[in-house]
Amino acid sequence: MANTYQGSGTRRGGRGGGRRGKPGGRTGAARTVALRRNAPVERQPVTMPSVMSVAELAESLQTTGIEIIKELMKLGIMANLNQQVDYETANKVAVSLGWETNEQVAEVVQQATADFESRKAEAETDPNARPRPPVVTIMGHVDHGKTKLLDAIRSANVAEGEAGGITQHIGAYQIETQGRKVTFLDTPGHEAFTAMRARGAQATDIAVLVVAADDGVMPTTREAIAHIRSANVPLIVAINKIDRPTANPDRVKQQLAEQSVVPEEWGGDVPMVEVSALEKLGLDDLLEVILLVADVNELKANPHKPATGVVIEAKVDRNRGPVATVLVQSGTLNLRDVVVAGSTSGRIKAMFDDHSKRVRRAEPSYPVEILGLLEVPQAGDTFQVFDDEKVARTLVDQRQLQRRADALVGDRPVKLTELYNQVQAGSTAELRVILKADVQGSLGAIQNALLKLNEDTDQSVQLAIQFAGTGGISESDVSLASATRSLIIGFNVRPDAAAKRAADTAGIDIRFYNIIYNLLDEVKAAMTGLLAPVFQEVTDGYAEVRDTFKLPNGDMVAGLYVLDGKISRNVRARVLRSGTVLHEGGVKSLRRFKDDVREVAAGYECGLGLDAFNDLLVGDQLEFFHREEVART
């Protein structure tokens, strides 16, 4: 808004008056500033995203937050500076303040987003689509030979340059066999990288599960199967290390069949190939099966369109700046293209293939490393090429604001209590579950009982078990729950401090039970729309036993180190040994040095006694919690 204040003559004398002999009391520079302030403001049409905060709207419209709040009040909306408003509301405020909105740019952005979503569907019917190389993900347990197998296939040594021979990042490589190309994604096998492995499965056409013939199915193997199933991609099993004397491929097939991965030769639908990465045996058979599965799925893409794809990995290079490894899924990516990747953009300055050679273009299923993005995108982000750099920047601004809004209300994994509201609203839903138990016997019984709940035809909710295993709830389980939007059910097991923090951050609902009937009743009640929660459990902190002492009266006192949160005398405690619950009860005494205290914060040591439990060992973890009443909905 133009400043309407005008000067009214020469200021004389007094504080702040002008210099003598200078009419008007202002220097030439001051007069120039005054003229600029009095000049009319030329407003350009303003572009607004789909959602933004009141403060951001005020900045866009070059006014104060108070003015925006006043305009919102006229519309019957009470808001503060941090509250989000949608595009329609922001547009009304802008127009009322005399601004024009650049709806044309917004429409272009909206169309570009819609085009990206429809590219994959168009590939099946596009007359210009042609066969593309399959994208294959290598998955499996750590040290089962995934990277060695890929080394043998592409006759290059990748594993020696990695820490301990274990893959520490997602790599993308392309090889040629029988005159055709195949793109491989090599994902880490360690449980700590479960989320990265999930991203690999979602970006792939075919998954190859590597299982060592002498080791068999391991916990991470079962997790990999769960990720492959959730991504809904074809599965091929490579039984590796058949050259070893203790190799037993038939035992591996039996173990896989127990996980519902049935070999084709046994009447199933999963091809299994016996290979040896060390001796380079069976590699041609594996590649032939990969090409056969690719032909059956008729993988196609149109290379004559602007490129779209997915970010495989990204980092900041000290010398080159933001670097992203991307996989082109449709169209062709060219040097100097304007790219939007997630919530960042840039013009491609250079592209490198998997041999670090410069390339000028990348067709569908081709992995390249690109330079030129302004910031580092997130692995798993989609990327898209734009002709108009202005539209690209507008889309980036829109996505950044949208991500902030999603962080507040986001698309979080389903919670058991939310299922009640969905059923009451008449909508159908699927309850995805990750099940962990202390022993195999309990796990099998609970798993069968939960699946029987689906047999009730009156149910509007179907239950799907994404993964079932024994042992404590780990960060790997939380990552899988986040990737599949699942609920975690723990029977007589608990999460450690790191897993609890990860679950709280990701908004994962973890339900704990020690009686099977209670577990089944509560899940069934939620599935039939009858669940109304009464209490919820709140974890206060975790501590580790560092030493134990026997008192003269026979009671045991433990020397603790508080790992996370805080511990209090008026809460309850669980004793966890390897993630399994040994005891639950009250706190009898809590001391620091010789003083009784009410609570001890993280990072401090203390002494503690438990009610009716004297079997603490060094290394045990204690979880402290209390229950809060929740209003019925």
Side-chain angles (χ1 to χ4, degrees), residues 136-171 173 175 177 182 184-194 196-197 200-201 204 206-228 233-266 268 270-293 469 476:
V136 182
T137 298
I138 305 292
M139 300 175 71
H141 182 67
V142 63
D143 200 33
H144 273 199
K146 301 183 303 301
T147 304
K148 285 292 184 184
L149 177 62
L150 188 56
D151 290 344
I153 290 174
R154 67 192 198 105
S155 300
N157 195 353
V158 176
E160 284 186 2
E162 295 168 353
I166 300 176
T167 308
Q168 300 294 319
H169 65 282
I170 292 181
Y173 316 99
I175 62 101
T177 177
V182 179
F184 284 94
L185 302 184
D186 179 22
T187 62
H190 195 274
E191 290 185 1
F193 302 125
T194 304
M196 294 173 65
R197 191 167 61 246
T204 192
I206 301 169
V208 174
L209 179 66
V210 179
V211 186
D214 60 338
D215 207 8
V217 173
M218 303 298 287
T220 318
T221 311
R222 292 193 290 270
E223 292 176 9
I225 293 171
H227 280 298
I228 294 169
V233 295
L235 170 63
I236 299 172
V237 174
I239 302 177
N240 194 22
K241 304 184 181 181
I242 60 170
D243 57 292
R244 295 197 173 182
T246 56
N248 189 346
D250 289 335
R251 181 175 67 92
V252 173
K253 293 177 183 178
Q254 180 62 45
Q255 291 175 337
L256 289 169
E258 293 172 359
Q259 301 295 320
S260 300
V261 180
V262 184
E264 282 184 337
E265 61 208 71
W266 292 7
V270 180
M272 297 192 182
V273 185
E274 298 179 11
V275 299
S276 170
L278 187 63
E279 300 294 334
K280 297 186 177 180
L281 300 174
L283 302 184
D284 292 338
D285 295 336
L286 177 61
L287 291 172
E288 188 174 348
V289 171
I290 289 173
L291 294 176
L292 179 61
V293 173
S476 174

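Both backbone and side-chain heavy atoms feed into the values below; hydrogens, waters and symmetry mates do not.
- Between Ser276 and Asp243 the shortest heavy-atom distance is OG-OD1, 2.7 Å.
- Atom CG of residue Leu281 and atom CG of residue Leu286 lie 12.5 Å apart, to the nearest 0.5 angstrom.
- Pairing each heavy atom of Ala238 with each of Leu149, the nearest pair is CB-CD2, 4.2 Å.
- Looking at residues two or more places apart in sequence or on another chain, you find a salt bridge (Lys or Arg N to Asp or Glu O under 4.0 Å) between Asp214 and Arg244.
- Residue Val275 is tested with Asn240, Asp285, Ile239 for a side-chain contact (heavy atoms from CB on, under 4.5 Å); the sole match is Asn240.
- Annotation: the span from Ile175 atom CD1 to Phe184 atom CZ amounts to 5.0 Å, rounded to 0.5 Å.
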Would you mind writing out the side-chain donor-acceptor pairs for residues 250-263 within the sub-3.5 Å range, not counting sequence neighbours?
residue : atom : partner : partner atom : Å
Lys253  : NZ   : Glu265  : OE1          : 3.4
Lys253  : NZ   : Glu265  : OE2          : 2.8
Gln255  : OE1  : Val217  : N            : 2.8

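- The minimum heavy-atom distance between Lys280 and Ala152, with the atom names listed, is CG-CB, 4.2 Å.
- The only member of Ile153, Thr177, Ile206 that meets side-chain contact (heavy atoms from CB on, under 4.5 Å) when paired with Ile290 is Ile206.
- Leu278 contributes atom CG, which lies 9.5 Å from atom NZ of Lys241 (distance to the nearest 0.5 angstrom).
- Of the possible polar contacts, none joining the Thr204 side chain to the Ala207 backbone as a donor-acceptor pair under 3.5 Å is found.
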